Novice: 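Shown below is the structure under consideration.
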Amino acid sequence: MKEAKVVVNNKVGLHARPAALFVQTASKFQSEVNVSCIDPKENKLRTANAKSILGILTLGVFQGIEITIKAEGADECEAADALVELVKKNFGEEA
Amino acid sequence: MKKLNGVAASRGICIGPAFQFHRIELDTEKKEISDPNAEVARLDAALASAKSQIDLIYQKALTEASEADAEIFQAHKMILDDPELISTIKNRIQCERINSECAVSETAEQFAATMAAMEDEYFAARATDIMDVANRVVRVLMNVADSPTADLKEPAIILADDLTPSDTVLLDKSKVLGFCIARGSATSHTAILARGLGLPAVAGAGLDVMDVKTGATMVVDGSNGVVIIEPDEAIEKQYHQRMETSKKIQSEALKFAQSKAHTKDGIEFEVVANIGNVEDAKFAVENGAEGVGLLRTEFLYLERNALPTEEEQYQAYQAIMDVFGKHPVVLRTLDVGGDKEIPYLHLEKEMNPFLGERALRLCLNRPDIFKPQLRAALRAGVGHNLKIMFPMVATVSCVRKAMKVVNECKDEMRKEGIPFAEDAEIGIMVEIPSAAVIADQLAKEVDFFSIGTNDLSQYTMAADRTNPKVAELSDAFHPAVLRLIKMVIDAAHAEHKWVGMCGELAGEPLAAPILVGLGLDEFSMSPPFIPLVKQIIRNLTAEDLVKLAENALQLGSPKEIQVFVKREIPFIAEVIS
């Protein structure tokens, strides 16, 4: 299993177009990919399937929140790297 | 034969078969099934064809609407591909041995409820998307048509309670002769759609509309707000003649659409278009628009999840400006707030949206919205004849504040070395009575006025134009509104500024003689109205109309004024009959 942490810094967080891009990227890989973060309101750990747009949206990741990406499978390293890269580049948008 | 009276929502007459527009009722009742594996296979097949349907609609929306409109269907596809949603549905079919219809709709409802409970308008919108997608899958499972007009073989008159924007995307416009709507008013979505397409429509015709059988012959007289169901022979013949006459007039007008509009005594009036996107722009040019008197910019902001960037706006404005070359294009800055929903702006719900933080009021409080738009517009104006116009101006101080932001944007771009339209004219919409009353003061601050008669009427008459019970009061032909219009024109001319009009009144044949008489400089309207208004102006003598306008303003009601104009200028009565 490959695990990576990254802070979401783009304006809208994991919503709208960035959320769609995130899911599309995760779906390119065979590995199972999960995303988790601490819900700031309830201070609870929440996890979602990275290939589910509904899961990612309900996770409610806003600007400045750190997420943990966990990938497991044949291409786990590539999957985690690709997603971290996407987030670090602010989904190709202005921050 | 039966006659229904409603509101004249879009001009013209049509005769043809009725078509009841029904949203399809879905049967999602829970049923036990014997073979869960076969049921899952049935679901998979339905998912696949739902996906190809969405692909088709996406392509259609791309060509007919804008990329932003089409994006919503991309979101639909992602929902259809969602592993969480689909695996939950399949689990329920396997474990509970229930039918797909029920599993799809109940699971979707759960997901939608979770979204809706997040108390965020963005998620509320996604909840609607989930249900939209689920309903599509259920329609496929039930084997019913995707489009309510799929059975429509020949052009017909669409009858409905009212139509939503998503209904109209599915409507095959080549099969529509006109509209007859039970509820709604002259400003409802259907009415605006009909005017944009140049098709006749009657709104607010009452619930009797719903009893008309599909296939029954009917007449929609959108000029007079009358609907006749199964007309007798004599009446049908009468309407056929009127339709032929008006077609002849329209096609003759279209022949001369590209020529200028001079009155008989040689005074030229500018006739331009109200448009909302680049497709409208092309349509406007075909109809003889000499420019744009109102470019609505809301299209860039609707049906999406975040503000459009400066670059995106720049490209969209430039594409429209390119269509018009050196002809004037009046760009209205964002007019939203209150009643228009833009979830990602997180606007507070207001008690009186029409009197709330709308348009310029919102923009002045939100430089993050206002500045990128102004910069994009000024940049796109390079090499073109751009004019910028602010909506919802009530006081001199709001104009000054807005001008200050314009100057800030210009300073920034100068420093950044970005080229922009340095001398673009800046004007305001006159749609709030206070602005009309202090037009003499405002005229000193700006380069031009454009009178927005729809809002000016509803604010002057204190009558909500979307409320069928009082909408009739909100009539731009009312002497109270016409007198304000005269004040505005006189005040502008005293400062040597020009005045346009971009409300519905500018495209009204009966209003043309009055507006010419009052000295309005520019008429801006929906593209289909342009040829006729130009033709009317060509047949008027401006000199005689000063007195006519003066007399009209002394009359007591919209009705009296219209009768008076028809009597004084008989040819217009013929044109609009």
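For clarity, every value in this text was computed on a predicted model and none was experimentally measured. Chain letters run A, B, ... following the sequence lines, proteins first and then strands; every chain starts at 1.
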Novice: Kindly state each residue pair satisfying side-chain hydrogen bond (donor to acceptor under 3.5 Å, both in side chains) with at least one member in residues 69-82 of chain A, sequence neighbours excluded.
Specialist: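 Listed once each, the pairs are Ser31(A)-Asp75(A).
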Novice: For Glu32(A), does the CD atom sit with more than 12 other heavy atoms under 6.0 Å from it, leaving out its own atoms?
Specialist: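 Atom CD in Glu32(A) is not crowded, with 12 or fewer foreign heavy atoms closer than 6.0 Å.
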Novice: Checking Lys77(B) now: which residues fulfil side-chain hydrogen bond (donor to acceptor under 3.5 Å, both in side chains) with it, not counting sequence neighbours?
Specialist: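 side-chain hydrogen bond (donor to acceptor under 3.5 Å, both in side chains) check on Lys77(B) returns Asp55(B).
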Novice: Residue by residue, scan residues 80-89 of chain B and write down, ordered by number, those that have a heavy-atom distance under 4.5 Å to chain A; if none do, write 'none'.
Specialist: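 Only Asp82(B), Pro83(B), Glu84(B), Leu85(B) of residues 80-89 of chain B have a heavy atom under 4.5 Å from chain A.
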Novice: Could you give the side-chain donor-acceptor pairs of residues 23-30 of chain A under 3.5 Å, partners two or more places apart or in another chain?
Specialist:
from: Thr25(A); atom 1: OG1; to: Leu21(A); atom 2: O; distance (Å): 2.7
from: Ser27(A); atom 1: OG; to: Val23(A); atom 2: O; distance (Å): 2.7

Novice: If you round to the nearest 0.5 Å, how far is CD1 of Ile79(B) from CG of Leu57(A)?
Specialist: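 Interatomic distance, Leu57(A) CG to Ile79(B) CD1, rounded to 0.5 Å: 8.0 Å.
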